[in-house]
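Have a look at this one.
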2 protein chains.
Amino acid sequence: MATESRDKPRRIRNISELAKLAGVSAGTVSRALAGKDLVNRETRERIQALAREHGFRPNQMASRLRTGQTGVIGVVIPLGHDKRQHISDPFFMTLLGYLADALTERGYDLMLSRVIPEHNDEWLERLVDSGMLEGVLMIGQSDQFAVIEQVAAHYRPLVAWGVHQPGQVHCAVGTDNFTGGKLAAQHLLAQGRKRLAFFGDIRGIEIEERLKGARAAVAEAGTGANIELFATPLATDNMAERIAADLEAMDPAITGIFTASDVIAMATLRQLHERGQQVPRDIALVGFDDLPLATQTVPQLSSIHQQIGRGAEEMVSRLLRRIAGEETDSLVMEPRLIVRESA
Amino acid sequence: MATESRDKPRRIRNISELAKLAGVSAGTVSRALAGKDLVNRETRERIQALAREHGFRPNQMASRLRTGQTGVIGVVIPLGHDKRQHISDPFFMTLLGYLADALTERGYDLMLSRVIPEHNDEWLERLVDSGMLEGVLMIGQSDQFAVIEQVAAHYRPLVAWGVHQPGQVHCAVGTDNFTGGKLAAQHLLAQGRKRLAFFGDIRGIEIEERLKGARAAVAEAGTGANIELFATPLATDNMAERIAADLEAMDPAITGIFTASDVIAMATLRQLHERGQQVPRDIALVGFDDLPLATQTVPQLSSIHQQIGRGAEEMVSRLLRRIAGEETDSLVMEPRLIVRESA
DNA sequence: TTGAAAGCGCTAACAT
DNA sequence: ATGTTAGCGCTTTCAA
């Protein structure tokens with residue numbers, strides 16, 4: 001039942017038009033609309049009412065140019081390897097959701113870029129000095145570690161999700177993937193499963209770390225234990241076929257599979273079922289991420305838990321401190337093995 | 001092995017600094033950097049080289065203010081009902097991915113907003129005349145149909161994913177949810193399953209349409225047939241518990257379930273397994289969306305297919321036409337029943 | 001082919 | 001408490 005007074009439907013285009021209408025100066029309107037108390041409460045409210053009435057709101061582009069504060073954070077999903085489906089990977093999407101929340105809460109806008117670097121290393125440079133962004137968050141590092149390092153050397157407000165390597169200059173928040181991989185493999189090995197397989201594309205640096213951790217566990221387990229690598233892509237397009245082929249080619253002596261993600265684990269579960277192999281009786285399975293879907297499969301997935309929500313908060317708070325000129329350290333969060341039914 | 005010449009590491013802050021360095025005027029630099037052919041090829045290349053050398057790129061904020069072209073499209077995920085997990089819903093995430101692709105391809109940036117309208121209907125108004133956006137895409141309508149309608153009445157460059165209702169003013173691209181629901185229910189009814197259940201939160205207008213379609217199929221099936229509604233939320237937090245409770249409370253005569261999404265179907269599959277009920281023998285299940293995950297479950301999900309990729313393309317092309325001042329009609333795409341193992 | 005100058009819409013000293 | 005003024009950094013007529 002809101003009555004709209006449309007006496008003068010002439011659209012107010014800018015602050016000075018409104019100023020003229022209100023019989024004051026542009027400056028006053030600016031102050032009034034910003035809610036400053038330097039302006040008489042009465043006039044302030046009058047101007048605000050007028051603005052509301054005409055559906056006027058100050059142009060953000062101009063305001064942001066003038067103040068030098070864009071209020072925009074770039075969120076980048078690099079797709080170095082794995083051209084396609086990365087963005088639909090539920091892990092990254094969940095992280096994106098939490099980042100969106102954290103940024104919105106703090107009054108920042110979020111500019112999303114989904115970049116496929118291909119043969120050009122300039123994409124990040126171009127992004128950071130577009131003048132549009134106050135800072136950049138990277139959702140994963142893909143195979144772009146070197147590019148990120150180079151930009152981070154002179155561009156401070158940048159925080160990435162992913163691995164932290166000794167001596168790296170850019171600020172990273174992530175899980176200890178090595179330990180995660182180790183936990184997963186140890187869990188399988190402890191069940192007397194000595195011959196393992198790893199399903200994952202190690203061109204992603206985080207994935208590679210997971211494999212390294214698994215390898216370390218295997219090495220500790222002594223002779224007879226080993227782990228074989230299958231380069232399962234993260235993309236969901238032909239993942240099923242790839243996994244089917246891998247299972248077919250796989251040494252029948254292998255009784256434990258560690259997958260680089262829950263999504264891969266779920267697809268593997270499906271293919272094992274197709275082949276009539278029981279999980280965990282015939283083959284045990286450990287995933288990574290511990291997404292909600294891990295509890296929805298039959299059998300439920302054992303997995304390595306990553307703290308996504310906390311990670312997002314830590315990324316944003318670090319970024320804001322960096323925007324304010326502080327330095328911040330990287331954060332490596334501890335993974336946890338969640339034992340369910342699949343292993 | 002790229003050698004970087006860092007003779008003058010003094011950072012160039014704007015176009016006139018570069019102009020001074022090049023011994024030309026700001027205007028010339030602007031033209032040169034924009035690649036216009038009004039400027040001598042030699043000087044143009046010299047200026048471009050100089051810019052590259054100093055890692056200078058024109059401030060987008062200023063450029064966009066000046067030209068009035070922001071090059072930014074707002075992509076909004078409204079979370080009217082279902083405060084939390086919507087953004088992690090794989091359907092919407094996939095749509096977002098395709099939208100990101102389509103916009104990037106056309107040189108647009110994407111500003112993501114995840115809005116929880118709560119008690120305020122102004123969120124869309126505020127967004128559209130922030131002066132930052134050339135257009136707005138909405139990923140789903142949630143329960144904000146009225147708000148969208150009102151804004152669309154005076155703001156042209158807006159396209160939403162979702163239902164199209166007779167006489168609606170805003171441009172929508174979506175699936176014929178009614179027919180989709182009808183197909184799903186018909187498929188179950190054709191198997192002699194007369195007592196059905198619908199799992200979904202009909203506060204989402206798209207979801208409600210699906211139920212209506214199912215009801216229509218039930219009505220056509222004649223006496224004895226009926227369908228019961230269970231308001232399963234889309235959020236994944238406590239979905240499992242809700243579904244477990246619903247299954248417990250459900251009339252044992254019900255032998256077919258139509259779920260509002262594949263995600264709900266997957267969770268339902270899990271809970272049915274928990275209860276020792278076989279799918280499809282004891283209870284048949286039809287999902288909605290036909291996401292990749294529908295092929296990964298055991299048994300594989302029968303589902304209603306939505307054309308996400310095409311939908312994204314259609315949304316973007318319509319939006320661009322609207323930005324150019326054209327009118328565009330809505331698009332209602334036909335759903336398809338995909339029969340797999342669960343029904 | 002280039003330079004000078006105006007101005008996109010807003011904010012913040014500075015002045016009153 | 002309000003008006004005036006000078007830009008933020010860029011693009012684009014208009015003149016030369």
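Below, all heavy atoms of this structure are taken into account, side chains as well, without hydrogens, waters or symmetry copies. Protein chains get the first letters and strands the later ones, always in sequence-line order, with residue 1 at the start of each. Bear in mind that the values here come from a model prediction, so they are computed numbers and not experimental data.
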* Taking the side chain as every heavy atom from C-beta outward, state whether B/R46 and B/V24 have any pair of such atoms under 4.5 Å apart. => yes

* Quickly work out the A/I12 CD1 to C/dG9 P distance and round it to whole Å. => 13 Å

* Checking A/T67 side chain against A/Q69 main chain: does a donor-acceptor pair fall under 3.5 Å? -> yes

* Asked: Is a side-chain donor-acceptor pair under 3.5 Å present for B/Q144 with B/W123?
  -> yes

* To do: Tell me, please, the opening and closing nucleotides of DNA chain D, 5' to 3', among those with an atom under 4.0 angstrom from a non-hydrogen atom of chain B.
  => D/dG9 to D/dT13

* Annotated protein contacts, base or backbone, on nucleotides 10-16 of chain C with a non-hydrogen cut-off under 4.0 Å, one of B, S, - each -> BBBB---

* To do: Between B/M61 and B/L38, just flag the one whose closest nucleotide in DNA chain D comes earlier from the 5' side.
  => B/M61

* For B/C171, does its backbone N or O pair with a side-chain atom of B/S330 as donor and acceptor, under 3.5 Å? -> no

* Asked: Where the side chain of A/E17 meets the backbone of A/N14, is there a donor-acceptor pair that is under 3.5 Å apart?
  -> no

* In sequence, state the C-alpha distance, the side-chain angles, and the governing distance for B/Q150 and B/H170, and then conclude on side-chain hydrogen bond (donor to acceptor under 3.5 Å, both in side chains). => CA-CA 9 Å; B/Q150 199 198 309; B/H170 78 264; over 6 Å; no

* Looking at B/E326 and B/R322, does any basic side-chain N land under 4.0 Å from a carboxylate oxygen? -> no

* Can a salt bridge be assigned to the pair A/R318 and A/D329 using a cut-off of 4.0 Å between side-chain N and carboxylate O? -> yes

* **Nearest-Å distance for atom pair CE/C1', residues B/M132 and C/dC8** => 15 Å

